[in-house]
Peer 1: 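I'd like to ask some things about the structure below.
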Amino acid sequence: MRILLVEGGAELGAAVARHLRRAGHAMDHVATCDEAEAAWLVTDYAAILLDLGLPDGSGLDLLRKRRGFGDRTPVVIGTAYDQISDRIAGLDAGADDYVVKPYDPGELEARLRAVARRADGLAGSEIAIGPLVVDRARARVHRDGVEIRLTSREWAVLDALVAARGRVLSRAVLEERLFAFDDEIAGNAVEVYVSRLRSKIGREVIETRRGLGYSVS
Amino acid sequence: MSAHWTLTGRLVRRVLAIVVLGWSVAMALGLWSLAHEIDESLDQGLEIRARYALDLLEAGVPAGQIPIGEGDVLSIDDAAAPWPEGEGTLRGRVSWHVFRAERNGRAVEIGQSSAFRREEFWESAGAFIVVMVPLVMIVALTVVLTVRAALGPARRLATTIAARNAADFTPHSAGGLPDELRPIALSVNDHLARIGRLLTAERSFAANAAHELRTPLATARAETAALAAGHGSVERVDRGLGQLTRIVDRLLQLARAEASDAARSQPVDLISLARHVLAEFPAGVILDDGDASRLMVRSDADLVGIALRNLVANALEHGINGVRVRIGPEMLQVENRAAPGVVLHAARFEKGNASNGTGLGLTIVETIAEQLDLTLDRSVTRDRVRITLYFPADPVS
């Protein structure tokens, strides 16, 4: 796939570009915001690796600008800024992933492939169930493109059902998942969490099989 | 450049201006009242003397022997006494205050000129002013001395601060200072303490960096030298660089924690923050959000993130599976099962020979807890180690 590498550090940029070329990708390597924008505008990239501290400005501003124009090209931020607030700012600006230097070139390539795959359809860890997209790796659920926020127990129940997609999971199996959080759980805990899940993700997603348990299909 | 001025001078000038203005108004009112009272009193005197003169005339006393007061002019049996015109004064022509008494066809008029009355008034006013002026001088002197005395603590505080050595970070004593000045002394103390902490942090960082970095650097150099000589191992160099990376990360975190006097106080959603932090770790760490969708505290998200990152890394390093992050109201807890052989000294993990840890994790967490005013609780029960951070109860809007 064709990747735009925006990296201000000449040596790091050359090393990463070399690694990604050897992995079989077509690489464009630029070092400034202006060059990045010029390349971004004229080429349809499968993914962009974007540094934030560039000599002529912030990669974050460039990303916000492009997202403001509706550009959905997958972007992975690769930066030395490692604070949680930096990560949140990067993801809020529209980045699809965020890796902190020094990154492992192998892991970086895997992340670039993952965001590119997601842009083409579903990422490897994502499962579509009707209007619902469940990302098991990131523990996230989207319905019609809008993220639904689940608590950890609700996620545990949904994740178990999605993992066993098509199969019926008994109440005892689902209770096992909830035991990870508490040594003791209420007798109707599974019913409570299934009910809460239905109110959040839609009633039609989880089916009740009387006397057997629950399933998603 | 602003003009040089003193608080004492400004206060004295303003208080004195107010006192003089007040005194002038009081004096004007007093003189006006005095003039009014003098007129009334002299008018009564005229009436009494006119009636007395009439009594004497009726008793046969010759007009020339009738006693009259100072400034009085007596006129007898003139139907319309032509009161003499005097010389003009500053305030106009002389006028007369006349009282006429009549009885049994006889009439007596006694008059006083306004010039006489003005003279009487200024005699009384002069005595009044002679008494008031020294009093005002005494008040002014008292004001100056009182203002100087009242501003004495401020003067002494300023002198103490100015005379202070630049390397002296001991706090000022705020005892005995008035309420208006105490915040200044306390604020100066806060700044001194902050500068002191930053200097200590700088020294501590330099010491930690030197201590922690030299060994892995030496190892990496030895490995690259071996590699150049043809008998080294790329894996060992890579492992050494990995260890060096972890140490640099921890040292940077420690530096941030120690130099975090500018820690922000912002609403932080602990659940969202924990999800971001746990995304950096391999799957398997259980996040228990207490079944809440948001748990807000007021703190510094970056520092709390660093603390949680270190606690989880510590739990993964020293524990066996079952690392669990629990979040509750104003509480963040990391729990793990301690690996067999893990030794705790004073609730701190002992670093084993095979450990990949930097040995800085809990130091960083302790420093952050101190900076953010968090309570750090370490409990070890059987095979479980729990490290909990309690946030101060602070309502978040």
Side-chain angles (χ1 to χ4, degrees), chain A residues 15 77 80-92 95-107 111 114 125 135-141 147-157 159-160 163 176-183 185-186 189 192-193 195-197 199-200, chain B residues 238 241-253 255-257 260 263-264 266 268-280 282-295 299-309 321-328 335 368 384:
Chain A
I77 290 176
Y81 299 139
D82 62 344
Q83 300 279 66
I84 285 290
S85 54
D86 301 322
R87 179 183 293 269
I88 292 170
L91 295 175
D92 283 350
D96 298 86
D97 205 349
Y98 193 100
V99 290
V100 177
K101 294 174 186 175
Y103 36 68
D104 177 73
E107 184 194 344
R111 287 183 183 236
S125 60
D135 185 341
R136 294 193 61 210
R138 293 160 173 250
R140 283 182 180 173
V141 185
E147 184 175 357
I148 300 167
R149 199 159 167 159
L150 300 182
T151 69
S152 49
R153 287 170 178 76
E154 291 162 358
W155 168 255
V157 172
D159 187 47
E176 275 298 313
R177 297 298 298 261
L178 293 173
F179 275 126
F181 299 98
D182 297 296
D183 293 337
I185 56 170
V192 168
Y193 286 109
S195 166
R196 282 167 58 167
L197 272 172
S199 69
K200 285 188 175 178
Chain B
D238 192 50
L241 284 175
Q243 173 71 353
L244 207 52
T245 304
R246 278 192 293 278
I247 291 172
V248 169
D249 275 349
R250 293 295 190 279
L251 284 172
L252 286 174
Q253 289 172 3
R256 279 181 186 135
S260 62
R264 287 166 294 181
Q266 63 202 154
V268 178
D269 178 6
L270 288 178
I271 294 174
S272 175
L273 181 133
R275 287 191 172 154
H276 278 290
V277 171
L278 295 186
E280 300 169 16
V285 179
I286 295 171
L287 172 65
D288 180 357
D289 55 19
D291 230 16
S293 51
R294 277 190 171 75
L295 281 169
S299 197
D300 185 305
D302 288 333
L303 291 180
V304 176
I306 291 173
L308 179 58
R309 200 181 280 159
N321 58 16
V323 175
R324 184 183 301 198
V325 175
R326 272 206 192 90
I327 299 170
E335 178 192 289
I368 289 173
R384 284 183 189 270

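Any value given below was found using the heavy atoms of this structure, including those in side chains, with hydrogens, waters and symmetry copies removed. Here is how names work: the chains are called A, B, and so on, in the same order as the sequence lines, proteins then strands, and each is numbered from 1.
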Peer 1: To the nearest 0.5 Å, what is the distance between CG on B:L295 and CD1 on B:I327?
Peer 2: 7.0 Å
Peer 1: Roughly how far, to the nearest 0.5 Å, is CD of A:E154 from CZ of A:R149?
Peer 2: 11.5 Å
Peer 1: What part of B:A279 is in contact with chain A, defined as an atom under 4.5 angstrom from a non-hydrogen atom: side chain, backbone, both or neither?
Peer 2: neither
Peer 1: If you count heavy-atom pairs within less than 4.5 Å of chain A, which of B:D288, B:L252, B:L241, B:L287 leads?
Peer 2: B:D288
Peer 1: Heavy atoms, side chains only, cut-off 4.5 Å: are B:I368 and B:V304 in contact?
Peer 2: no
Peer 1: Contact part of B:L278 toward chain A, heavy-atom cut-off under 4.5 Å: side chain, backbone, both or neither?
Peer 2: neither
Peer 1: Can you sort out the partners of A:S85 under side-chain hydrogen bond (donor to acceptor under 3.5 Å, both in side chains), two or more places apart, ordered by chain and number?
Peer 2: B:D302
Peer 1: Using non-hydrogen atoms only, which part of A:L150 is less than 4.5 Å away from chain B: side chain, backbone, both, or neither?
Peer 2: backbone
Peer 1: Could you look at A:Y193 and say if it's the side chain, the backbone, both or neither that has a heavy atom under 4.5 Å from chain B?
Peer 2: side chain
Peer 1: Between atom CG of A:D104 and atom OG1 of B:T245, what is the distance when rounded to the nearest 0.5 Å?
Peer 2: 10.5 Å
Peer 1: Counting only heavy atoms closer than 4.5 Å, note whether B:E280 contacts chain A via side chain, backbone, both or neither.
Peer 2: side chain
Peer 1: Where on A:D82 is there a heavy atom nearer than 4.5 Å to chain B: the side chain, the backbone, both, or neither?
Peer 2: both
Peer 1: Is it true that atom OH of A:Y81 has more than 12 heavy atoms of other residues, nucleotides or ligands lying nearer than 6.0 Å?
Peer 2: no
